[in-house]
Amino acid sequence: MINDWLMRVESGQLRLPSFQRGVAWDSNRVVSLLQTIIDDLPLGVALVLNVGDKEQFVSRPLESAPETTNTVTEHLLDGQQRLTALYRALRDNDPKVTYFVHIPVLDDDLQNDDDGVRIRKESRWVNASGTRFPIWADSPNECLRRGLIPVRLLEPMFDGVDGWVDEATQGFNPGEEVQDRNELFAALTIANERRTQIRKLIAEMRETLKHFNLPYLRLPSSTSKHTALEVFVKMNTNAKPLKAHDIVVAELEGATGQRLKDLEVALDQQLPRLKTYMSLENAVLQVSALLQDKPPSQIGFFDMNHHLFMENWDKMSKGLKRALQILESMRIFDSERLPTAVPIPVIAALLATESEHGDQRASVDKLMRRYTWRSFFTSRYESAASSRAFVDYRALRKVLDDQITEEIVPVLNDEQYPLPTQKELINAGWPRIKRSLSRAILATSTYFGARDFADDTELVAENIRTREYHHIFPDKLLNDAGIPSMRALNCALITWKTNRTIGRLDPIAYLKDRAQQAPNASDIDRRLETHLVPYDAIKNAGPYDALEGAVLRAEVEPDYEAFLNARAEIVSKFMRLICNGEQPRLTDVM
């Protein structure tokens, strides 16, 4: 019953979890809600969580409800807008609007002939001297003359109905000029009948309201925090549903008084390149969860200790800074070229408490490189990434603490997650599509600087956005020959001006054309080597310019396959070195 809900709101027994957003309904939505109740039509379902011995969530009163010291027995997970609207309308404590029920039979203006009882609203404002306007909205007599009954009179526990009706109907009593006893009696009878009519109309609406059933679902106090939040998120029907981050923000502020968003702004200024790899919000939550030995997923986010979250902030920031240093040292500069973001929070959490100096750092960084590249090249994180990252994090933590050997870590175990064969490298698709293996191959081709074929500039963070995905064997040439061109091993990152002058040239013809400023062929060779492209495998490819159809394919296909095999061998050699934690030199693989 509505009365029960209002009493629990008023007493503070029913409160809102702090992650709930503020009041969002405008006055039109409130009018619609009140009309639904007056018409005795069904409303949507609310969701309540029994609190039990201890609140699972930091909570606050509903808007305009008093702050009390009473024991909290329920959290309102869903239904805030409806209950807040109802509470404020019936208490008439919204300074900007007052709600009325319009009853046509009481309206002196016969033109206001609404079809039945309707809810109306009146905007309110206060002038500089503190007077609330319009003044008539607080006058029972003026309200009644307009056929308006304040909605607050319908509240089941409101005991001022008789007083309001008496004040509103004072003008019904006969004046002193009526001296005749019979006339006076008749006038008083009419006045009393009008009062009785008004009280009856109000009583009927109060009765409807009193017995109106607001349906709800109740979760027992034994419901886990994660389950309660999962149910809440699924039931949340806002145009912009809450994310896990929104919930943590509210919970953290309620528990510690710290504003997470302010801290994140400062972190963004400290590590501006972090967001080029992954969402800053996700990075913060995932690293923080791992530092508390929680999975880097929604379950872990909701289970974090908020005070410990704040204590770990500097560690978390330090770990993210070092994780970025690891990535940039490998010449991986953004999310577009990143094979997978899964290892970033793991690396950050591991490095958050590790030494930044001496032999220990070199040993730790080597382990991080091995972990990162095996994450890129194996299938470890193709599914169940969060739970697998958590398992790997725990195992890597033990490796750093000298409790287990590296082979115990699943992602580092060759039998569980073998590195791809040369055939698998050859078949890997185009790296613009987000596939870990394809982008891992691309990452090998940028590791040594990926000097541009035309202007000889080295790939750095500042020019990564000017590079495009280039077909070493030109796309048009392979398409004309009926051969698939979109393979990772046929890709190199070069500037757009270079890329758009290729056409259907033979690979070597194109290279010579673009390297006119190079003093000799060895300079072309040098530029190609920085992409791990074997010059010898393409220098004799072609010419194909006068060929078509099957003849073209017969000439191109063996050259293309020879190139793919040669490059696969080089990439494979690099892969095995880097996945062992080494820092290979170009001469080690070319």
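Within the model, atoms CE of Met316 and CD of Gln286 stand 12.0 Å from one another, a figure rounded to the nearest 0.5 Å. Rounding to the nearest 0.5 Å gives a distance of 12.0 Å between CD of Glu311 and OG of Ser288. Annotation: the span from Trp430 atom CH2 to Ile441 atom CD1 amounts to 11.5 Å, rounded to 0.5 Å.
A ring-centre distance under 6.0 Å is not found for Phe473 and Tyr544. Aromatic rings of Phe232 and Phe19 (six-membered ring for Trp) have centroids within the 6.0 Å cut-off, being under it.
Between Asp456 and Arg526 there is a salt bridge, with a side-chain nitrogen of the basic residue lying less than 4.0 Å from a carboxylate oxygen of the acidic one. Salt bridge annotation for Asp268-Lys275: present, with a cationic side-chain nitrogen under 4.0 angstrom from a carboxylate oxygen. Taking the charged nitrogens against the carboxylate oxygens, Asp480 and Arg553 have no contact shorter than 4.0 Å, which rules out a salt bridge. Taking 4.0 Å as the cut-off between side-chain N and carboxylate O, Glu406 and Lys398 do not count as a salt-bridged pair.
Pairing each heavy atom of Glu354 with each of Arg322, the nearest pair is O-NH1, 3.4 Å.
Under the side chain to side chain contact (heavy atoms under 4.5 Å, CB included) criterion, Ala562 pairs with no residue, sequence neighbours left out. Residues that satisfy the side chain to side chain contact (heavy atoms under 4.5 Å, CB included) test with Gln292, not counting sequence neighbours, are Lys294, Met304, Asn305, Leu308, Phe309, Asn312.
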